[in-house]
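Numbers here simply count residues along the sequence, with the first being 1. Predicted model only: the values in this text are computed from it and were never measured.
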Amino acid sequence: MKIASWNVNSLNVRLPHLEQWLQAAQPDVVGLQETKLEDNRFPDAVLAGLGYRSVFAGQKTYNGVALLARGHALDDVVIGIPGFDDAQRRAIAATVNGIRIVNLYVVNGQDVGTEKYDYKLRWLDAVHGWIADELSRHPQLVVMGDFNIAPDDRDVHDPAVWNDESILTSTAERAALQRLLNLGLHDAYRLHHSEGGFFSWWDYRQAGFRRNLGLRIDLNLVSDALRDKTVAADIDREPRTWDRPSDHAPAWVQIA
């Protein structure tokens, strides 16, 4: 199964890109973030025409997540973090062909020390408890999404700028991500690539993509049970070159 994560930054705007990419890349499962669509406007019929079933949880203007699956049902769907009171649509999970998929749009956090930063850390703590429970019931697990955290200095274009006190790279954020990994999860990209300088997000400003001023913040984390079955993982930069692109590129993992 080829499993991909893509922050589309408005599905209404990026639907033609999604259609083009689905036809070209042929993923089996896709997690979308920042759909920015209320549920009654989600293009499930269009996606069904391409062979994809979909489950989704959205809201107007902000956030929104979805899971798409080709050739398989999406079972045991969960929307939101169980037991965590949150109006923002940032999490969705389903089981596809025996693999539990959790799709996250992690809080950005604004700036270190702000209320939104504190909310991000609380949110990540709630995710940790949820993933621990999911792993106990679903050993074959993939946790994907826009994590809004660059795991280490290889994943930022300039570590002097993106440092321990910067949003997306702060000590507390990286520690929260490491706590998730310590549950028995593995960064699929790092199972196959050790070098730095390869990113999944580039700012629209300052010619960020052309100059490769990016961050790798879109991740696929695989469980211990899937680690040895993870035969490939990468980032597809091509959609970032298209007209009116998302600022993120799809990140994918292939599981045998």
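In this structure a side-chain-to-backbone donor-acceptor pair under 3.5 Å is present from Q59 to R89. Between the side chain of D75 and the backbone N or O of A94, no donor-acceptor pair lies under 3.5 Å. Formation of a donor-acceptor pair under 3.5 Å by the T230 side chain with backbone atoms of L191 is not found in this model. Under the 3.5 Å distance criterion, the side-chain polar atoms of E173 are matched with a main-chain donor or acceptor of L168. Between the side chain of D133 and the main chain of W130, no donor-acceptor pair closer than 3.5 Å is present. Here the side chain of R216 pairs no donor or acceptor atom with the backbone of A150 at under 3.5 angstrom. Side chain of S200 to main chain of D218: a donor-acceptor pair is present (N/O by atom type, distance under 3.5 Å, no hydrogens or angles). No side-chain donor-acceptor contact under 3.5 Å links K60 to the backbone of E38. T169 places no side-chain N or O within 3.5 Å of a backbone atom of E165 that could act as its donor or acceptor partner. A side-chain donor-acceptor contact under 3.5 Å links H193 to the backbone of A233.
Nearest heavy-atom pair across Q26 and Q23 is NE2-O, 3.0 Å. Considering every non-hydrogen atom in both V222 and A188, the closest pair reads CG1-CB, 4.2 Å. Closest non-hydrogen pair, I81 versus A126, comes out as CG2-O, 3.8 Å. Heavy-atom minimum distance, A249 versus W202: CB-CZ3, 3.9 Å. The two residues T35 and V8 make their nearest non-hydrogen contact at CA-CG2, 4.4 Å. Smallest separation of non-hydrogen atoms from V112 and S166: CG2-C, 3.9 Å.
Annotation for Q206: atom CD does not count as buried by contact number, only 12 or fewer foreign heavy atoms lying within 6.0 Å. With a 6.0 Å radius and a threshold of 12 heavy atoms from other residues, nucleotides or ligands, D85 has its CG atom at or below the threshold. Around the CZ atom of R137, the shell of radius 6.0 Å holds more than 12 heavy atoms that belong to other residues, nucleotides or ligands. Other residues, nucleotides and ligands place more than 12 heavy atoms under 6.0 Å from the CG atom of N40.
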The test is side chain to side chain donor-acceptor pair (under 3.5 Å); show your working for N9 and S246 and say whether it passes. CA-CA 5 Å; N9 190 15; S246 169; 5.0 Å; no
Derivation of the salt bridge (Lys or Arg N to Asp or Glu O under 4.0 Å) call for R179 and D125: CA-CA 9 Å; R179 284 188 71 218; D125 188 59; 3.0 Å; yes
Would D236 and W21 satisfy side chain to side chain donor-acceptor pair (under 3.5 Å), going step by step from the backbone distance to the final call? CA-CA 10 Å; D236 187 351; W21 185 75; 2.8 Å; yes
Taking it one step at a time, do D155 and R190 satisfy salt bridge (Lys or Arg N to Asp or Glu O under 4.0 Å)? CA-CA 11 Å; D155 304 309; R190 285 290 171 225; 2.7 Å; yes
Verify side-chain contact (heavy atoms from CB on, under 4.5 Å) between M144 and L219, making sure each step is shown before the conclusion. CA-CA 6 Å; M144 62 157 65; L219 312 176; over 6 Å; no
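One hydrophobic cluster, built from ILVMFWY side chains closer than 4.5 Å, holds both L74 and I255. I3 and V231 fall into different hydrophobic clusters, where Ile, Leu, Val, Met, Phe, Trp and Tyr side chains are chained together by heavy-atom contacts under 4.5 Å. Under the 4.5 Å side-chain heavy-atom criterion for Ile, Leu, Val, Met, Phe, Trp and Tyr, F199 and V253 are members of distinct hydrophobic clusters.
Between R174 and D153 there is a salt bridge, with a side-chain nitrogen of the basic residue lying less than 4.0 Å from a carboxylate oxygen of the acidic one. Between R240 and D247 no salt bridge is recorded (no basic side-chain N to carboxylate O distance below 4.0 Å). Between K2 and D28 there is no salt bridge, since no side-chain nitrogen of the basic residue lies less than 4.0 Å from a carboxylate oxygen of the acidic one.
The aromatic ring centres of W252 and W6 sit 6.0 Å or more apart.
D243 and H17 share no side-chain donor-acceptor pair at under 3.5 Å. Residues T114 and Y119 have side chains that never bring a donor and an acceptor to within less than 3.5 angstrom of each other. Side-chain contact of W162 with H157: a donor-acceptor pair under 3.5 Å is present, judged by distance alone.
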Side chains of residues 95-106: which donor-acceptor partners sit under 3.5 Å, not counting sequence neighbours?
residue : atom : partner : partner atom : Å
T95     : OG1  : R100    : NH1          : 3.0
R100    : NE   : E134    : OE1          : 3.0
R100    : NH1  : D76     : O            : 2.7
R100    : NH2  : D76     : O            : 3.0
N103    : OD1  : Q33     : NE2          : 2.8
N103    : ND2  : L32     : O            : 3.0
N103    : ND2  : A66     : O            : 2.9
Y105    : OH   : E34     : OE2          : 3.4

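Hydrophobic side-chain contacts under 4.5 Å tie V13 to no other Ile, Leu, Val, Met, Phe, Trp or Tyr residue.
For the ring-ring contact (aromatic ring centres under 6.0 Å, His included) condition, the pairs that include at least one residue of residues 52-81, sequence neighbours left out, are F42-F56.
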